[in-house]
Amino acid sequence: MTAAPFATRFAPSPTGYLHRGHAFSALTAYEAARAARGRFLLRIEDIDATRCRPQFEAAILEDLAWLGLAWELPVRRQSEHLADYRDALARLEARGLVYRCFKTRKEILDDIGRAPHGPAEAYVGAPLAPDEETRLLAEGRPYAWRLSLAAAREALGGFEGLSFVEDGQGAPQVIQARPETAGDVVLARKDVGVAYHLAVVVDDALQGISHIIRGEDLAEATHVQRLLQALLGLPTPVYRHHRLLTGPDGRRYAKRDKAETLRDLRARGVTPAALRAELGFA
Ligand code: GLU
């Protein structure tokens, strides 16, 4: 059996300008692809129409090119592929693996007994009785689609067979997936009809991604994504979660902290070579 050709990607959301943390992540993936003589793809994760802006997408392309990266064309833009995600959801729906959730965020938080701003993901619910669901649908009440962990467990005969290879920091390890810690995750949001986990899993398969190289802040997401791959019959890539870059204050770079952007760096004369060197890339 021949191994799948090496292909990796950088998948930013155009909700702000890129900062050093993004540059580190993009360079990590890009250099891995170069070392493996593999493919490097760029994917714009713009399903959240309320937060994504075309000018941020344009800036992402410009900043990555400035950094010296090159990627295959066309760039996959998630907002242009909603039908792919709808198809995947329909396949799960046909097998009873998802259910409609009409609850508001507040109701979910109350249900799981957590303070606001805590992770709402660890919710576990159940489909409504058919007459109740029919009534809410007739009222035009909005709903999200959630993955049913109970139905998924039954369909797969348990989660014990789900594992993935983590080939990040240190020797490669086989990790047992624990999708249950995330609860019944939302696969399709009320507003946009799709959500992060579903879109990522569908896209990684469609784009032939063999290695997912991303920050360790997304390591937890892998467990749910592994389950979705199993349910949708998609291949499981190798995962490489890299350390998160921290600033001089020891904290990780984040958009919300107004981290200095790559555009700011460029404006004050920092060269791509200097930034690459600072980030540990020769
Ligand atoms: N769009 C995600 C982010 O910006 C990354 C998704 C992924 O790499 O799987 O955090």
Side-chain angles (χ1 to χ4, degrees), residues 6-33 39-54 56-57 59-61 63-64 67 69 71-72 75-82 84-85 88 119 121 164-168 175 177 179 182 185-187 189 192 194-229 232 234-245 252-257 259 261-262:
F6 188 106
T8 192
R9 50 36 167 214
F10 179 56
S13 297
T15 56
Y17 293 117
L18 302 183
H19 51 63
R20 278 185 177 83
H22 296 113
F24 180 75
S25 200
L27 280 166
T28 303
Y30 179 72
E31 291 301 336
R39 303 165 59 206
F40 176 72
L41 292 89
L42 178 63
R43 184 163 77 223
I44 300 294
E45 303 215 323
D46 60 348
I47 49 177
D48 186 343
T50 58
R51 293 175 59 226
C52 295
R53 298 276 177 276
F56 291 137
E57 180 190 319
I60 287 171
L61 303 182
D63 292 348
L64 294 177
L67 205 53
L69 271 55
W71 49 89
E72 284 184 13
V75 169
R76 187 169 170 96
R77 198 173 285 116
Q78 289 189 326
S79 59
E80 293 172 353
H81 298 280
L82 299 180
D84 290 338
Y85 315 131
E121 281 80 18
F164 59 91
V165 174
E166 173 67 53
D167 185 12
I175 309 268
V185 291
V186 171
L187 295 186
R189 289 167 33 163
V192 283
V194 57
Y196 164 67
H197 291 300
L198 185 64
V200 163
V201 161
V202 167
D203 284 351
D204 285 330
L206 281 174
Q207 293 190 289
I209 302 298
S210 68
H211 286 68
I212 294 187
I213 302 174
R214 61 186 178 189
E216 63 192 12
D217 53 333
L218 289 168
E220 275 306 306
T222 302
H223 295 258
V224 178
Q225 293 172 14
R226 176 66 187 86
L227 171 58
L228 285 174
Q229 288 154 4
L232 290 166
L234 303 175
T236 299
V238 171
Y239 286 85
R240 196 173 285 176
H241 291 101
H242 61 70
R243 72 182 171 86
L244 297 179
L245 202 66
R252 53 177 280 223
Y253 290 98
K255 276 176 204 163
R256 64 175 176 277
D257 294 337
T261 66
L262 301 187

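Just follow the structure's listing: the first ligand is 1, and inside any ligand the first atom is 1. Here the structure is a predicted model, which is why all the values come from computation and not from measurement.
Heavy-atom contacts of L218 reach the following atoms of ligand 1: 5 (C), 6 (C), 7 (C), 8 (O) (cutoff under 4.0 Å). Listed by number with element, the atoms of ligand 1 under 4.0 angstrom from any heavy atom of S13 are 1 (N), 4 (O). In summary, the atoms of ligand 1 found under 4.0 Å from a heavy atom of R9, numbered by their order in the structure, are 7 (C), 8 (O), 9 (O). If you number the atoms of ligand 1 from 1 as listed, the ones under 4.0 Å from a heavy atom of R214 come out as 7 (C), 8 (O), 9 (O).
Rounding to the nearest 0.5 Å gives a distance of 10.5 Å between CZ of F56 and CG of L18.
A donor atom on one side chain and an acceptor atom on the other are found under 3.5 Å apart for T222 and R214.
Looking at A11 next to ligand 1, an N or O pair under 3.5 Å apart turns up. The shortest N or O to N or O distance between R43 and ligand 1 is not under 3.5 Å.
Residues meeting the salt bridge (charged side-chain N to carboxylate O under 4.0 Å, His left out) test with R226, sequence neighbours left out: none.
Between E216 and R243 there is no salt bridge, since no side-chain nitrogen of the basic residue lies less than 4.0 Å from a carboxylate oxygen of the acidic one.
Of the heavy atoms in I212, none comes closer than 4.0 Å to ligand 1.
The backbone N or O of C52 lies less than 3.5 Å from no partner atom in the side chain of D46, so there is not a single donor-acceptor pair. No side-chain donor-acceptor contact under 3.5 Å links T8 to the backbone of A33.
Residue-ligand proximity: Q225 is placed with every non-hydrogen atom at 4.0 Å or more from ligand 1. Contact annotation: Y196 has at least one heavy atom less than 4.0 Å from an atom of ligand 1.
Ring geometry for F10 versus H22: interplanar angle over 60°, hence perpendicular rather than tilted (30 to 60°).
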